[in-house]
Amino acid sequence: MKINNSIQQLRDLSFQVRKDVIRSLAEAGSGHLGGSLGLADIFTVLYFNILNHDPQRPDWKDRDRLILSIGHVAPVLYASLARAGYFPIEELQTLRKLGSRLQGHPGKDHGLPGLELSAGSLGQGLSVAVGTAISGKIDNKTWRVYSIHGDGELQEGSIWEAAMSAAHYKLDNLVSLVDRNNVQIDGNTKDVMNLEPLADKWKSFGWHVLNCDGHDLKDIILAYEQARKIKEKPTVILAKTHMGKGVRSIEDNHTWHGKAPSVKQADKFIKELEQNG
Amino acid sequence: MELVMKAFSIREYKDTRSGFGEALLELGRENKNVVALCADLTGSLKMDKFAMEFPDRFYQAGIAEANMISVAAGLTIGGKIPFTGTFANFSTGRVYDQIRQSVAYSQKNVKICASHAGLTLGEDGASHQILEDIGLMKILPNMTVINPCDFNQTKAATFAIAEYYGPVYLRFGRPKMPNFMPDDVPFEIGKAITLKEGSDVSIFATGHLVWKAVEAGMKLAEQGIDAEVINIHTIKPLDEEVILKSVFKTGCAVTAEEHEINGGLGDSIAQLLVRKLPAPVEMIAVLDKFGESGNPGELMIKYGLDTPNIVDAALKTIKRK
């Protein structure tokens with residue numbers, strides 16, 4: 001299933017996904033709002049325009065695989081999966097509750113359809129994406145692998161082990177996206193542990209590097225379409241994003257990395273979303 | 001008794017890692033979904049023949065074990081059955097978090113195959129002689145832990161784990177040891193093998209210590225003591241039925257392993273007995289120490305993992321009945 005949604009349809013969906021994220025986090029009373037909102041446009045593009053998948057057959061062998069490496073943005077993954085039809089939208093309100101399939105960080109052994117991997121401990125998803133891409137290459141499959149990473153996550157050494165191996169094995173069926181919001185728990189990435197020159201790092205590891213505005217739906221689509229044309233090497237998209245995007249009062253404020261809104265705040269945030277929309 | 005008699009008729013010395021290598025090669029021929037990964041130790045792990053025959057299904061990971069384990073997890077997402085190979089130290093402690101999250105918690109069908117485990121690695125010393133790996137792996141939910149005793153059993157175990165769906169830790173070693181398990185004994189994950197029946201004491205051994213336990217059983221027989229010797233090749237899931245039946249009959253137990261006393265076979269069996277059938281237990285294991293350089297035989301003597309230690313432990317536990 002691949003839908004060619006219009007930009008307006010995608011805009012409506014990303015608005016919906018953001019609302020779902022805010023509501024489910026308010027209901028949960030804890031969780032990571034900032035990054036989840038910051039990735040809403042990218043997830044919307046992936047699930048409603050880029051990925052070749054079938055929510056009715058989550059284990060379909062020829063599906064594109066999405067590997068989420070940063071488990072803490074689970075709310076945006078769950079909202080996208082629900083909106084795509086993997087499970088009922090009402091289930092989003094069970095986030096982080098006892099017995100829920102929607103664990104605080106995605107857990108593969110809780111039976112959630114559409115989830116490929118448990119995540120939460122950082123720096124592992126790129127390696128998993130590499131392995132998945134290799135398995136596709138072994139069988140000459142045309143399905144592709146998409147992985148999502150945080151910028152702070154790139155401080156984990158295992159990311160660079162994985163980056164080295166992806167280039168070594170010429171994995172042109174792998175596209176990784178870095179959520180470049182310049183913020184991590186303890187502050188700005190440049191102060192906590194500087195990542196620059198980031199594009200040069202990836203280039204020197206043998207990757208094709210693309211940049212995009214992670215909130216411009218057309219630009220995100222364009223980046224993924226360009227990545228498809230790159231042969232013999234993996235592609236990384238450095239997506240410039242804003243933590244908390246859509247809710248002006250919290251945008252780029254790193255204190256909203258790991259916080260959930262109260263129900264009252266959620267109402268206010270959704271109003272802000274509507275005004276911005 | 002029959003198994004022991006058969007065992008004594010075989011006087012062949014082979015390394016367990018070669019049992020793994022032979023089986024892996026055959027698996028490669030039988031099942032195109034079997035893939036192998038190695039972190040720059042292809043010869044040591046005996047994966048070289050697989051790598052030569054199936055270059056398209058062998059992935060050199062370089063000296064990057066964390067990446068190797070998670071790559072293996074990814075390979076399962078495309079339907080492959082990955083076997084990873086490196087030393088036991090780098091297969092467990094170094095990559096614990098990758099195994100925990102990307103393999104065990106993600107329920108991925110990864111086979112973590114680890115050589116050079118324990119003191120019998122010898123001269124390289126403590127940095128490489130991991131004695132905590134069984135503990136690290138057995139505490140992980142969803143994980144199966146297997147420690148075969150010789151070449152034939154390692155080969156049989158390698159075939160068995162390919163058939164089983166789920167994460168497995170398979171531990172084996174470097175030195176040439178007696179290859180005594182008949183090659184027609186079926187390997188069933190979680191099913192212990194009674195090598196000698198007896199009524200006075202149960203000796204539960206795993207890995208390289210199984211042979212020592214067989215020898216101890218014979219020595220005890222010379223003293224008129226009828227020991228039951230059981231090969232616990234699967235530490236998790238533990239064959240509770242066979243263990244409880246045996247201790248119900250004998251009333252006491254000895255455990256023997258090339259591992260720390262904390263976290264190994266001994267404490268799995270002690271935990272079982274405390275819960276279901278309290279009985280005296282003596283444990284042959286490394287007593288909360290790191291290893292050191294030396295030849296394997298000398299080390300097993302120095303660290304108290306030799307046949308006479310098992311005999312003494314049996315006498316001691318019998319007295320405590």
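Protein chains get the first letters and strands the later ones, always in sequence-line order, with residue 1 at the start of each.
- Heavy-atom pairs under 4.5 Å with chain B peak, among Ala119(A), Ala129(A), Ser165(A), Ala133(A), at Ala119(A).
- To the nearest 0.5 Å, atom CD of residue Gln124(A) and atom CD1 of residue Ile69(B) are 10.5 Å apart.
- Neither the backbone nor the side chain of Glu156(A) comes within less than 4.5 Å of any heavy atom of chain B.
- Put simply, OH on Tyr105(B) and CD on Gln103(A) are 4.5 Å apart, with the number rounded to the nearest 0.5 Å.
- Using a 4.5 Å cut-off between heavy atoms, Ile159(A) makes no contact with chain B at all.
- Across all non-hydrogen atoms, the minimal contact from Val128(A) to Ala73(B) is CG2-CB, 4.3 Å.
- The contact between Asp139(A) and chain B is made entirely by side chain atoms (from C-beta outward), counting heavy-atom distances below 4.5 Å.
- In this structure, the portions of Ala162(A) lying under 4.5 Å from any heavy atom of chain B include both its backbone and its side chain.
- For chain B, the option among Gly120(A), Gly71(A), Pro106(A) with the highest count of heavy-atom pairs below 4.5 Å is Gly120(A).
- Within a 6.0 Å sphere centred on CD1 of Ile230(A), heavy atoms belonging to other residues, nucleotides or ligands number more than 12.
- Atom CZ of Phe159(B) has more than 12 neighbouring heavy atoms from other residues, nucleotides or ligands inside a 6.0 Å radius.
- No donor-acceptor pair under 3.5 Å is formed between the side chain of Ser106(B) and the backbone N or O of Lys108(A).
- Contact tally against chain B (heavy-atom pairs below 4.5 Å) for Leu117(A), Leu115(A), Asp59(A): the top residue is Leu117(A).
- Of the listed residues Asp56(B), Ile77(B), Asn142(B), the one with more heavy-atom pairs under 4.5 angstrom with chain A than any other is Ile77(B).
- Contacts of Ala66(B) with chain A are made by both backbone and side-chain atoms, with heavy-atom separations under 4.5 Å.
- Remark: Glu53(B) CD is packed, more than 12 non-hydrogen atoms of other residues, nucleotides or ligands lying under 6.0 Å away.
- Nearest heavy-atom pair across Ser127(A) and Asn67(B) is OG-OD1, 2.6 Å.
- Here Gln101(B) is the residue among Gln101(B), Gln107(B), Lys80(B), Gln98(B) with the most heavy-atom pairs under 4.5 Å with chain A.
- Heavy-atom contacts from other residues, nucleotides or ligands closer than 6.0 Å to CZ of Arg94(B) number 12 or fewer.
- With values rounded to the nearest 0.5 angstrom, Ser118(A) atom OG is found 9.5 Å from Arg100(B) atom CZ.
- Atom OH of Tyr59(B) sits about 4.0 Å away from atom CD1 of Ile138(A), to the nearest 0.5 Å.
- Contacts with chain B were tallied for His110(A), Arg63(A), Lys141(A), Met164(A); His110(A) has the most, counting heavy-atom pairs under 4.5 Å.
- Counting heavy atoms of neighbouring residues, nucleotides and ligands inside a 6.0 Å radius, atom CD of Glu123(B) exceeds 12 of them.
- Atom NZ of Lys97(A) is surrounded by more than 12 heavy atoms from other residues, nucleotides or ligands within 6.0 Å.
- Summarising the local packing, NZ of Lys231(A) is surrounded by more than 12 heavy atoms from other residues, nucleotides or ligands at distances under 6.0 Å.
- For NZ of Lys170(A), the number of neighbouring non-hydrogen atoms (other residues, nucleotides, ligands) closer than 6.0 Å is 12 at most.
- Using a 4.5 Å cut-off between heavy atoms, Asp97(B) contacts chain A through both its backbone and its side chain.
- The choice from Lys137(A), Arg65(A), His168(A) that makes the most heavy-atom pairs within less than 4.5 Å of chain B is Arg65(A).
- Here the CE atom belonging to Met68(B) is positioned 10.0 Å from the CD atom belonging to Glu161(A), to the nearest 0.5 angstrom.
- One distance of note links CZ of Arg57(B) with CD1 of Ile134(A); it measures 14.5 Å at 0.5 Å rounding.
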